[in-house]
Amino acid sequence: QVQLVESGGGLVQAGGSLRLSCAASGSIAGPNVMAWYRQVPENERELVASMGSGGDTYYADPVKGRFTIARDNDKNTVFLQMNSLKPEDTAVYYCKAVRILGVGRRSEYWGQGTQVTVSS
């Protein structure tokens with residue numbers, strides 16, 4: 001069982017920056033994907049960025065060029081550096097870990113979420 005704990009959310013002015021952290025209590029070995037999602041109340045949770053164990057990354061179009069996902073495997077931590085923040089980035093941000101255990105076998109884990117509010 002992997003436990004994920006997010007931190008780093010808060011209030012920031014438009015144009016500012018925040019760095020979110022997601023710490024895993026257990027080792028995530030083998031093929032895996034770490035991802036950040038965000039959700040606005042009454043809306044679907046949407047993928048923001050992800051990074052595979054091979055180093056490949058994905059960014060949603062609205063955050064390309066502004067957000068950067070990074071991993072510190074020694075500390076079992078994934079980060080989301082958010083620059084040039086906009087009010088539309090306001091949401092609860094969630095960390096997700098997916099472990100690939102075999103053909104058709106996966107384990108998924110979610111953090112509790114951290115609020116990011118960007119004021120105009």
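Index from 1, following the sequence.
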- request: Could you check Ile69 against Tyr59 for side chain to side chain contact (heavy atoms under 4.5 Å, CB included), going step by step and ending with a plain yes or no?
  value: CA-CA 9 Å; Ile69 188 170; Tyr59 296 96; 3.4 Å; yes
Please say yes or no: joined through hydrophobic side-chain contacts below 4.5 Å, possibly via intermediate residues, are [X] and [Y] part of one cluster?
X	Y	answer
Val12	Leu20	yes
Met82	Tyr94	no
Leu80	Val116	yes

Is there a side-chain contact between [X] and [Y] (heavy atoms, below 4.5 Å)?
X	Y	value
Gln112	Val5	yes
Asp72	Phe79	yes
Trp36	Cys22	yes
Lys96	Tyr109	no
Leu85	Leu18	yes
Arg38	Val92	no
Arg66	Lys86	yes
Met34	Ser50	no

Just how far is it from atom [atom1] of [X] to atom [atom2] of [Y], taken to the nearest 0.5 Å?
X	Y	atom1	atom2	answer
Gln39	Glu44	CD	CD	9.0 Å
Leu101	Ser107	CG	OG	4.0 Å
Ile100	Arg105	CD1	CZ	10.5 Å
Ser21	Lys75	OG	NZ	10.0 Å

task: Kindly assign one of parallel, tilted or perpendicular to the pair Tyr93 and Phe67, based on the angle between their ring planes and the thresholds 30° and 60°.
output: tilted
Quick check: closest heavy atoms across [X] and [Y], and the distance to 0.1 Å?
X	Y	result
Val98	Arg106	CG1-CD, 4.2 Å
Cys95	Val78	SG-CG1, 3.7 Å
Leu4	Ala24	CD2-CB, 3.7 Å
Ala14	Ser120	CB-CA, 4.3 Å

message: Before you tell me yes or no, could you show the steps for Tyr37 and Arg45 under side-chain hydrogen bond (donor to acceptor under 3.5 Å, both in side chains), namely the whole-Å CA-CA distance, both residues' side-chain angles and the distance that decides it to 0.1 Å?
response: CA-CA 6 Å; Tyr37 288 72; Arg45 190 171 298 182; over 6 Å; no
message: side-chain hydrogen bond (donor to acceptor under 3.5 Å, both in side chains) for Glu88 and Thr90? Distances and angles first, verdict last.
response: CA-CA 5 Å; Glu88 50 262 45; Thr90 296; over 6 Å; no
field: Donor-acceptor side-chain pairing of Arg71 and Asn32 below 3.5 angstrom
entry: yes
- request: Would you mind checking if Asp61 and Lys64 are paired as a salt bridge, meaning a charged N to carboxylate O distance below 4.0 Å?
  value: yes
task: Begin from the C-alpha positions of Ser17 and Asn83 and carry the test side-chain hydrogen bond (donor to acceptor under 3.5 Å, both in side chains) through to its verdict.
output: CA-CA 4 Å; Ser17 299; Asn83 298 325; 2.9 Å; yes
